[in-house]
Amino acid sequence: MKKRTILYSMLFAVGTVFTGCSDQFLEDMSPYDKYTADKTFGIESNLDQYIQNLYYNYFYKSGMTPTQSYGLAGLWNDNTDYTEEKWGLRDKISPSNDYYTSGDCDTYFGNNLSSSLSNGPYTRIRGCNEILEGIAKYGQNLSATAISKAKGQAYFLRAFQLFDLVRVYGSVPIVNKVLDATDRVGAEAYVREKVETCVAQIIVDLDSAARFLPTRKEWGDSQYGRLTKEAALAYKSRVLLVYASPIFNSDWNNSSNQRWKDALEATLAAKSFLDAEGYGLEGSSAKDWNKMFYNYDNKFCKEVIMVKMMAATENTVDQHSSWQKSIRLKTMGGSGAGYMVPQGMIDLFPMADGTEATDDNGNAVNGYDKFLFFKNRDPRFYYTFAFSGQKWGYDKDANATVWNYRWAKDAKKNYLFAGSVGGSCPAIVRKMSDPSENSTNTYQYDGTDIYEYRYAELLLNLAECYAATGNSSEAVKLIGDVRKRVGIPAGTDGTYGVGTIANKNEAIKACLRERQIELAYEGKRFWDIWRWMLYNDDASDNNTTCATLGISSLNNTYRVGKVLHVKGYTGTNDPLTSKITSFTPIDLDNSTDLQADLSKLGDFWTQNFEVVDTDTPVDNVNNQQAVITWRQNYYLSGLPSNVLQMNPWLLQSKGWQDAYGVIGTVDARQ
C-alpha cells in the first residue's frame with residue numbers, strides 16, 4: 001500500500017470572505033474584515049448583513065437560466081440535458097465514457113484549503129455554525145426577534161447544504177460546530193456518516209428552522225425572498241420524499257414503509273400550514289398559469305414557496321437571467337434558434353381531455369397526430385412550447401409570430417432558414433418567458449424571478465406519498481387538482497384524464513408523469529430520474545424500479561430531433577414570405593375558439609411543411625447515432641482525489657476507486 005501523507009482537512013475554513021450583491025435585502029453590504037466577532041454577532045445590523053452574505057454565497061450567480069438555479073447550493077450546473085427535456089450526450093450519459101476513478105468523481109465537495117477562502121459546501125456550513133455559535137457567545141444584547149430570525153435562517157441553510165451533499169455523495173461528514181483548521185487529530189472524528197444519520201440531522205435542522213423562522217407575512221413585503229417557516233416545512237417534504245425514494249430506500253415498494261409514512265405526514269403538515277397562510281395554486285386557467293411566471297416580479301405569488309429574485313436593473317454586476325436569451329428566436333432578440341425540443345417531449349403532454357397522446361411504446365393514441373402535434377393538447381402545452389404560426393410577443397413587438405422552418409437551397413443538403421435564425425425545430429420552449437422584458441442586447445438584463453419551489457410541486461409530492469402508501473384514489477385526486485387549474489375537464493369519471501389506476505405502482509407512474517408535464521424545464525426532472533433510478537435497472541444493486549413501475553429506462557434510448565421543412569421547394573428565396581404575411585397567427589390569450597384556429601394552422605402546415613429527421617442524430621458520437629449510457633455508480637459519486645488525499649480517514653464509495661486505485665467500500669444506499 002502506498003504511503004499516504006496527511007495534509008490539511010478541507011472540512012475546515014480559516015476565515016471568511018465578505019462580498020456584496022444587489023438583490024433588495026442583499027444591498028449595501030459593509031466590509032466585515034474590520035469587525036471583530038463580538039461586533040459581527042452582537043449587533044443586529046451587522047449580524048443580518050453577515051446572514052445576507054451567506055445568502056450571497058449560497059445563491060448568487062449572474063446570468064443563470066432557471067434550470068441552472070436548481071442545481072446545488074453555490075453551484076449552477078444545468079442537468080437538463082441528462083433528461084428527456086433536451087438533447088446532446090453529456091459526459092455521464094455518453095457511451096464513450098466510463099467513469100470510476102477518484103479523478104472522475106464530482107468535485108462539489110470542495111477545493112483544497114488555501115490562503116484564500118473558496119465558497120465551498122463546508123465553508124457555507126461553517127458560516128451557519130458561526131452564526132449559531134456567535135449568537136450564543138455574543139448575542140446578549142440582541143432582541144429575541146433578531147435571534148430567532150438569525151437562527152432560523154442558519155438552520156435552514158445548513159440543512160439545505162447538507163441535503164445537497166447527500167444528493168451528490170450519499171454518506172458525508174456532518175459538521176455542526178466551528179472547527180479549528182489546525183486541529184488535524186480532531187478532524188479525524190468527522191467521518192462519512194450514514195445517509196440515515198445525515199437525513200436525521202437535516203430534519204432536525206429544518207424543524208428548528210420552522211420553529212424560529214417568521215412566516216412570509218411576518219417578514220413583510222420588504223423582505224420578500226427570505227427563507228420562511230412555510231419554506232422550511234415544504235423543504236422537509238422534499239427531503240423526506242427523496243429519502244423514501246429508491247435511491248436510498250430498498251423497501252420503497254412496501255406500502256407500509258415508515259419512510260413513506262413520514263414523508264406523507266410531513267407533506268400533509270406543510271400543506272395544511274401553507275393553506276392557512278394563503279398559499280395555493282395560482283389562477284384558474286392555462287393563461288393564468290403562464291402569467292404566474294412573470295407577473296409577480298419581486299412580489300408575492302401565492303403559488304411560490306421559495307423564490308430566487310433577479311434584479312430589475314441595467315447594472316451588469318447585479319443578478320440577471322439568461323433564460324430568454326436562450327429560448328427566444330434571434331428575430332425576437334434572442335441568441336439564435338431557440339431552445340429546441342426533442343420529439344419525446346412534444347409527445348409527452350396529454351391531449352386536451354387529459355388522456356395520453358402516446359402509449360408506452362411511443363405510438364400515437366387518442367386521436368393524436370404527431371405531425372400536427374399542436375391540435376387538441378393539454379392547455380399547458382401551448383404555454384410550454386412555441387411553434388410556427390403561433391403568436392409569441394416580446395417587448396419590441398407584441399404581435400411577433402414564431403416562424404421557424406427551413407428549405408433546401410440546393411440538392412446538396414444546403415439549407416436556408418426563416419429569419420436566418422439557423423434552426424428549424426418544430427417546437428421550441430417558451431415557458432417562463434416575460435413579454436415585457438428588455439430584449440436589448442439579447443436580454444442581458446432579464447430580471448424575471450426564478451421559482452425554486454411551487455405549491456404545485458408540494459401537491460405532487462403529496463400525490464406521490466399517497467400513491468406509495470397505497471392510496472391511489474387520493475393521488476389521482478391531487479393530480480386532478482393540478483390539471484383542473486389549467487382547464488382540463490374532469491371527464492365522465494372525474495379523473496381529469498388520468499383514468500383508472502389499477503395499483504400502487506401505476507399511481508406512482510402517473511405522479512412522475514405529471515411532474516414531467518407540470519414542472520417541465522423547471523430543473524426538477526433530473527432529480528426525479530435520479531431518486532427513482534430511471535436510467536437503468538440493475539438487480540445486482542437492488543435497482544429494478546423501471547421494471548416494477550412499468551417505465552422504460554433511459555439507457556439504450558436516444559432523444560429524437562426533428563426539422564420543420566418546406567416541402568417541394570428548392571431555391572434561395574423564402575418560398576413562404578407572402579403566405580406567412582397573410583396568415584392570421586394563433587393568439588393563445590385572445591382566441592375565441594382555439595382548436596378551430598389550430599385546425600386552420602394545421603391546414604397551413606399540411607399544405608406547406610413536412611417534419612423530417614435531423615441530418616445528423618442529435619444524440620451522437622462522431623456523428624453516428626448513440627444511445628444514453630448511464631453507469632450504475634454514477635447515481636452517487638465517489639469522493640474526488642484531493643478530498644481523499646487530504647482526509648485519508650475518509651473511505652471511498654462503492655463503484656469508485658480511491659486515490660490509490662483501490663475500489664471503495666462505502667455503500668451509501670445501504
Side-chain angles (χ1 to χ4, degrees), residues 84-85 281 284-287 289-290 341-385 387 390 426-427 431 456 459-460 463-464 466-467 471-521 525 528 534 549-552 560 562 586 588 591 593-599 601-602 605 611:
E84 305 94 332
E85 295 180 350
L281 294 174
S284 57
S285 68
K287 181 178 178 180
W289 179 82
N290 176 57
V341 181
Q343 182 66 37
M345 281 300 293
I346 296 174
D347 297 342
L348 171 70
F349 278 62
M351 303 301 289
D353 62 359
T355 58
E356 293 184 355
T358 58
D359 61 21
D360 288 342
N361 295 317
N363 300 311
V365 295
N366 297 315
Y368 176 50
D369 184 336
K370 287 197 175 191
F371 171 54
L372 303 180
F373 56 80
F374 44 77
K375 298 179 69 173
N376 299 308
R377 302 303 297 276
D378 179 328
R380 291 168 292 186
F381 180 90
Y382 304 110
Y383 289 104
T384 301
F385 306 115
F387 43 86
Q390 176 185 1
K431 187 177 181 181
L459 289 186
L460 293 174
E464 191 174 322
Y466 273 130
N471 195 338
S472 298
S473 61
E474 282 299 316
V476 172
K477 179 180 180 299
L478 286 160
I479 293 173
D481 289 343
V482 173
R483 293 184 166 198
K484 179 181 179 181
R485 182 264 296 270
V486 296
I488 294 176
T492 56
D493 61 359
T495 68
Y496 296 86
V498 177
T500 302
I501 297 293
N503 55 54
K504 169 173 64 70
N505 289 327
E506 280 193 13
I508 293 173
K509 180 180 177 180
C511 291
L512 291 173
R513 186 180 182 91
E514 193 64 23
R515 292 175 73 92
Q516 281 187 272
I517 299 160
E518 173 67 24
L519 305 175
Y521 297 97
R525 179 57 179 167
D528 285 343
L534 300 181
L549 296 179
I551 295 176
S552 298
V560 174
K562 296 289 186 177
I586 303 301
L588 297 179
S591 176
D593 190 339
L594 178 60
Q595 292 307 323
D597 292 342
L598 288 168
S599 182
L601 179 62
W605 274 48
V611 172

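All figures in this text were calculated on a predicted structure; none of them were measured in a lab.
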Taking Arg377 for its side chain and Phe349 for its backbone only, find out whether a donor-acceptor pair lies under 3.5 Å.
-> yes
Would a 4.5 Å heavy-atom cut-off, applied to side chains only, mark Leu460 and Cys511 as touching?
-> no
How long is the span from the CD1 atom in Ile479 to the NZ atom in Lys477, to the nearest 0.5 Å?
-> 12.0 Å
Taking atom OG of Ser599 and atom CG of Leu372, what is their separation to the nearest 0.5 Å?
-> 9.0 Å
Are Tyr368 and Asp347 close enough, and set up right, to give a side-chain contact (heavy atoms from CB on, under 4.5 Å), and what steps lead you there?
-> CA-CA 9 Å; Tyr368 176 50; Asp347 297 342; 2.7 Å; yes
Is the shortest heavy-atom distance from the side chain of Glu464 to the side chain of Leu512 under 4.5 Å?
-> yes
Dump the intermediate steps for side-chain contact (heavy atoms from CB on, under 4.5 Å) on Tyr382 and Leu594, then the final yes or no.
-> CA-CA 10 Å; Tyr382 304 110; Leu594 178 60; 4.1 Å; yes
Short question: side chain of Asn361, backbone of Asn363 - any donor-acceptor pair under 3.5 Å?
-> no
So, Tyr521 side chain and Glu85 main chain: donor-acceptor pair closer than 3.5 Å or not?
-> yes
Ile586 CD1 to Leu601 CG distance, which is reported to the nearest 0.5 Å | 5.0 Å
Is the gap between the ring centers of Phe373 and Phe385 under 6.0 Å?
-> no
Should the pair Phe387 and Phe374 be assigned to parallel (<30°), tilted (30 to 60°) or perpendicular (>60°) ring geometry?
-> parallel
Partner of Phe381 under side-chain contact (heavy atoms from CB on, under 4.5 Å), picked from Ile517, Ile346, Leu348, Asn376, is Ile346
Rounded to the nearest 0.5 Å, how far does CG of Asp378 lie from OH of Tyr496?
-> 13.5 Å
Considering only heavy atoms from C-beta outward, does the side chain of Leu281 approach that of Leu459 to under 4.5 Å?
-> yes
Just how far is it from atom NZ of Lys509 to atom CD1 of Ile551, taken to the nearest 0.5 Å?
-> 6.5 Å
Arg483 and Gly354 have their tightest heavy-atom pair at NH1-O, 2.8 Å
Shortest non-hydrogen contact from Ala463 to Ala475?
-> O-CB, 3.3 Å
Flag side-chain contact, heavy atom, 4.5 Å: Leu534 against Arg525 = yes
Is there a donor-acceptor contact under 3.5 Å from the side chain of Thr384 to the main chain of Arg380?
-> yes
Do the non-hydrogen side-chain atoms of Ile508 and Lys504 ever get within less than 4.5 Å of each other?
-> yes
Going from CD on Gln516 to CD on Glu514, what distance comes out if it is rounded to the nearest 0.5 angstrom?
-> 10.0 Å
Closest non-hydrogen contact found for Ile501 with Ala507 is CG2-N, 3.6 Å
Lys370 atom NZ: more than 12 heavy-atom contacts under 6.0 Å | yes
Does Gly499 offer a backbone N or O that forms a donor-acceptor pair with the side chain of Thr495 under 3.5 Å?
-> yes
Counterpart residues, salt bridge (charged side-chain N to carboxylate O under 4.0 Å, His left out), relative to Lys431 (two or more places apart) | Glu522
Just by distance, with hydrogens left out, do Ser591 and Asp593 show a side-chain donor and acceptor under 3.5 Å apart?
-> no
